[in-house]
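Remarks on the structure that follows.
Just follow the structure's listing: the first ligand is 1, and inside any ligand the first atom is 1. The structure presented is a predicted model; accordingly, all values stated were derived computationally and were not measured.
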Amino acid sequence: MSSLPSVCIIGAGSSGIAGAKVLADHGIPFDCFECSDEIGGNWAFGNANGMSSAYSSLHINTSRERMEYSDFPMPKEWPDFCHHSLIKQYFNDYVDHFGIRERITFSTAAERAERGADGVWEVALSNGDVRSYDAVVVANGHHWDPRWPEPAFPGADAFAGRQMHSHQYVDTEGFDGKRVVVLGMGNSAMDIAVEVSLVTEATFLAARRGAWIIPNYLLGKPSDQLPVNPRIPFKVRQRWIHELVRRVVGKPSDFGLPDPDHIFGEAHPTISNYILARVAHGEVVPKPNIAALEGSSVRFVDGSVEDVDVVVYCTGYKIAFPFFDPAFISAPDNDLPLYRRVFHPDVDNVFFLSLLQPLGATMPLAEAQAHWVARFLRGEYHLPPAADVRADMERERQRMFKRYVPSKRHTMQVDFDDYLFELRRELRRGGERARRAGFALPVAPRARSVVSA
Ligand SMILES: Cc1cc2nc3c(=O)[nH]c(=O)nc-3n(C[C@H](O)[C@H](O)[C@H](O)COP(=O)(O)OP(=O)(O)OC[C@H]3O[C@@H](n4cnc5c(N)ncnc54)[C@H](O)[C@@H]3O)c2cc1C
Ligand SMILES: NC(=O)c1ccc[n+]([C@@H]2O[C@H](COP(=O)([O-])OP(=O)(O)OC[C@H]3O[C@@H](n4cnc5c(N)ncnc54)[C@H](OP(=O)(O)O)[C@@H]3O)[C@@H](O)[C@H]2O)c1
């Protein structure tokens, strides 16, 4: 038995592989189970697990330099906003470079993860094995379980056309000459509306709320690389970026789109170089929300009616943990309160990677979170007292819910630079707490399963 706790990592997408690499660096014994036959999760287009939401034309909308892991840069000659195939290649290069591929058990799903009274986890795998671990790292992704409109629109069950979710969208095949409604104002809606509008007879972009749409570049730099100093109060930075977007891009209503009911930074960012031009060209026609589906027509809340062949719901995703008993750990309405989006307040040996929505990319955050977890499991970081953890969680939640427009997509928002800044600060504080406690292990190594070392 190792002198350090053993870990089960669930998933080998961009978060799980970062977790595996970091735990390996810290000498923590672990197994990593991946239900697919390859790594990369969402970025493995056409993934055999059926869970990837990538479409054929998908490019990253967070820039290459913001997305790369701290110790493995993407090739400088790659475009700032690469195609998904390069991103998948990058993740494969990463696991091979650091010798992580051999540490992943492929085509093996974690089907059930149960924590016993002694705190040891029992993990039942799709190959029939049941193994025990001292800790579980959850990296199963949160963009694979489609959220359809809730409740469904009146008449949806009798609609004569096709209804699909953006998760199912691959390319424009089947859209030629059709009349299509794309619903939503997030990034899926932008990409899909733009793309199908190249082949459809008519494309309508319906939304219940407007969004500030920012281009990939602002002031000659990738928009997510604009200087952001976490020491400058957020309100000041927000006002600056809001004014920049309003002056450089204009108001959505300048293009015929609904104006947002909020200022920039109060909703997850919508990034598109093309949508405003397609609207300006009349190739994408803005509409308010859908009121009802009526035979082969769609009626919108402003009373207008259009003949429609296909409705594409770009209405986001649900957080799901099919391996947990929902009474124990679940995220109703996408809400799972965690300490700094990693630690569960009641369960000291379950950790989450990338269970957040950053204004920025997820990969460096997952990597930093994994370092945090590793330091905790090694006894080099101790959490604040339970009451302080709860108070911090409550404060953060109140701040987030106050800032963001109410939506199931805004339950775990973080600001990229601020998050990393705070995490580093907390690591220093928790390191001091650990030192005072003699670097005692917060999670005892007790599980009996042999874990690949
Ligand atoms: C269309 C789209 C575009 C996006 N673009 C960007 C972008 O440009 N930049 C950005 O930062 N983020 C983007 N995102 C967010 C996206 O979630 C992250 O980029 C990234 O995929 C998160 O990685 P992950 O490893 O957490 O999850 P995933 O990529 O979903 O990987 C999860 C992995 O866990 C495995 N798994 C799941 N359940 C089990 C189980 N029970 N047992 C074993 N294995 C399991 C899956 O097979 C998968 O390999 C985008 C999301 C979508 C939908
Ligand atoms: N790299 C890329 O280019 C790219 C492409 C696609 C997606 N992504 C990422 O993937 C993630 C998911 O994006 P997403 O666009 O699929 O989902 P999303 O960000 O959750 O957006 C969902 C949209 O649907 C709307 N909506 C939800 N339910 C609705 C309903 N019942 N009626 C009307 N409108 C409804 C939401 O409006 P409200 O705001 O009012 O809730 C929102 O506009 C995000 O992190 C995104 O950045 C990235």
Met185 versus ligand 2: do any nitrogen or oxygen atoms come within less than 3.5 Å of each other?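 Looking only at distances, the answer is yes, because the N/O contact criterion of under 3.5 Å is met.
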Quick one: does Trp43 get an N or O within less than 3.5 Å of an N or O on ligand 2? no
Work out whether the distance between some heavy atom of [X] and some atom of ligand 2 is less than 4.0 Å.
X	value
Tyr55	yes
Thr62	no
Met190	no

Among all protein heavy atoms in this structure, tell me which lies nearest to atom 23 (C) of ligand 2, with the distance rounded to 0.1 Å. Cys314 O, 3.3 Å
Applying a heavy-atom cut-off of 4.0 Å, say which part of [X] lies close to ligand 2: side chain, backbone, both or neither.
X	value
His59	backbone
Lys408	neither
Ile290	neither
Val405	neither
Ser53	neither

I want to confirm something. Looking only at heavy atoms, which of Ala366, Ser14, Ala113, Gly141 is nearest to atom 23 (O) of ligand 1? Ser14
